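Here's the structure, in structure tokens; my notes come after.
Just so it is clear, the structure is predicted and the values come from calculations on it, not from any experiment. Positions are given from 1, in the same order as the sequence printed here.
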Amino acid sequence: MAGHSSAAVAHAGNNPFLRAVAAISTLAGWVSAAMIVTAVAITCQMIFIRFVLNGSTVWQTEAVIYLVISATLVGLPYVQRLRGHVNVDLIPLMLPKPARKALAILTLSASIVIVAIMLWYGYEYWHFAWARGWRSDTIWGVRLWIPYLALPFGFALFLLQLVADLVAVLLKIDQPFGLEDR
């Protein structure tokens, strides 16, 4: 059925590394959700100030933008743990179990490499903002290293979850692509 995934939440078993990563990813999900709730509250406050009190707002729009983007990045590992990212499982479902495992190892390894590169450049971008004292060109003038910290932080947590997923497949704690045998 379209829109239905047969994959389950990533399993950690009794492995302490996998359990720790699962806990970190879950905490990141909660932090991400709190950022979204905060962004919604700030938006409501901004609407009240502008349309009820007929006042002007200075920081609200920028804060909401940074919060939503940060929530997206910080929430990456939690979504990966829940296997909530877009997943086309037609090919893995058609493959025999050994080929499915090989494909899972290949795709997880490629994902790890790509996210590691994104982490590197995200860190570099954050560091430029921090070292050079970059500020936004708005009235609020927020120090940009603060919202840019979500780049290396989010990608580092995502990378950690991807490594945990690969370890779980290699140690046979979790099924490749989270698909049970049929």
Side-chain angles (χ1 to χ4, degrees), residues 1-43 64-123 126 147-182:
M1 167 166 55
H4 175 70
S5 175
S6 54
V9 174
H11 296 204
N14 289 325
N15 186 297
F17 170 71
L18 297 179
R19 291 170 60 95
V21 172
I24 291 168
S25 294
T26 301
L27 177 63
W30 280 99
V31 169
S32 178
M35 288 180 187
I36 295 292
V37 168
T38 303
V40 169
I42 291 171
T43 301
V64 167
I65 291 168
Y66 290 141
L67 279 169
V68 170
I69 292 170
S70 296
T72 301
L73 292 166
V74 172
L76 286 171
Y78 183 67
V79 175
Q80 176 65 24
R81 183 178 183 297
L82 296 181
R83 291 190 168 82
H85 292 288
V86 175
N87 186 24
V88 179
D89 55 7
L90 180 63
I91 293 173
L93 283 170
M94 292 175 22
L95 292 174
K97 190 167 183 170
R100 185 184 300 169
K101 183 175 182 176
L103 182 62
I105 291 169
L106 177 70
T107 57
L108 283 169
S109 298
S111 297
I112 287 168
V113 169
I114 291 167
V115 171
I117 292 168
M118 294 172 76
L119 168 60
W120 172 263
Y121 285 109
Y123 172 79
W126 167 81
Y148 289 178
L149 185 59
L151 285 164
F153 187 71
F155 285 128
L157 293 177
F158 188 32
L159 181 65
L160 188 62
Q161 182 61 52
L162 287 170
V163 169
D165 290 348
L166 180 60
V167 168
V169 168
L170 291 173
L171 296 178
K172 298 180 182 178
I173 294 172
D174 203 0
Q175 297 294 320
F177 300 102
L179 299 172
E180 301 298 327
D181 289 333
R182 296 187 193 250

Identify, with sequence neighbours excluded, every residue that meets side-chain contact (heavy atoms from CB on, under 4.5 Å) alongside [X].
X	value
Tyr66	Glu62, Ser136, Val142, Leu144, Pro147
Leu95	Ile91, Ala99, Arg100, Leu103
Ala22	Arg81
Ile117	Val113, Tyr121

Give me the atom names and distance for the closest heavy-atom approach of [X] to [Y].
X	Y	value
Ile112	Leu159	O-CD1, 3.5 Å
Val21	Ala164	CG1-CB, 3.6 Å
Val68	Ala39	CG2-CB, 3.9 Å
Ala28	Leu157	CB-CD1, 3.9 Å
Val169	Pro176	CG2-CA, 4.2 Å
Asp165	Gln80	OD2-NE2, 2.7 Å

Distance from [X] atom [atom1] to [Y] atom [atom2], nearest 0.5 Å?
X	Y	atom1	atom2	answer
Ile65	Ile42	CD1	CD1	11.5 Å
Thr72	Met35	OG1	CE	10.0 Å
Ser70	Ile36	OG	CD1	9.5 Å
Thr38	Leu67	OG1	CG	6.0 Å
Leu73	Leu149	CG	CG	10.5 Å
Leu18	Asp174	CG	CG	8.5 Å

Quick one, Val163 and Phe17 - any side-chain contact, counting heavy atoms below 4.5 Å?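 SC-SC contact between Val163 and Phe17 confirmed.
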Just to verify, what does Tyr78 make a ring pair (Phe, Tyr, Trp, His ring centres under 6.0 Å) with, not counting sequence neighbours?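 Partners of Tyr78 by the ring pair (Phe, Tyr, Trp, His ring centres under 6.0 Å) criterion come out as none, since no residue qualifies.
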Ring pair (Phe, Tyr, Trp, His ring centres under 6.0 Å) with Tyr123: which residues, sequence neighbours excluded?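 Scan of Tyr123 (ring pair (Phe, Tyr, Trp, His ring centres under 6.0 Å), adjacent residues dropped) gives Trp126, His127.
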Got a sec, which pairs hit side-chain hydrogen bond (donor to acceptor under 3.5 Å, both in side chains) with one end in residues 109-118, sequence neighbours left out?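 Residue pairs passing side-chain hydrogen bond (donor to acceptor under 3.5 Å, both in side chains), neighbours aside: none found.
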Of all pairs that satisfy side-chain hydrogen bond (donor to acceptor under 3.5 Å, both in side chains), the ones with a partner from residues 21-33, not counting sequence neighbours: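 As it turns out, the side-chain hydrogen bond (donor to acceptor under 3.5 Å, both in side chains) pairs with a partner in residues 21-33, which skip direct neighbours, are Ser25-Gln161.
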Worked verdict on Phe153 versus Val74 for side chain to side chain contact (heavy atoms under 4.5 Å, CB included): CA-CA 7 Å; Phe153 187 71; Val74 172; 4.0 Å; yes
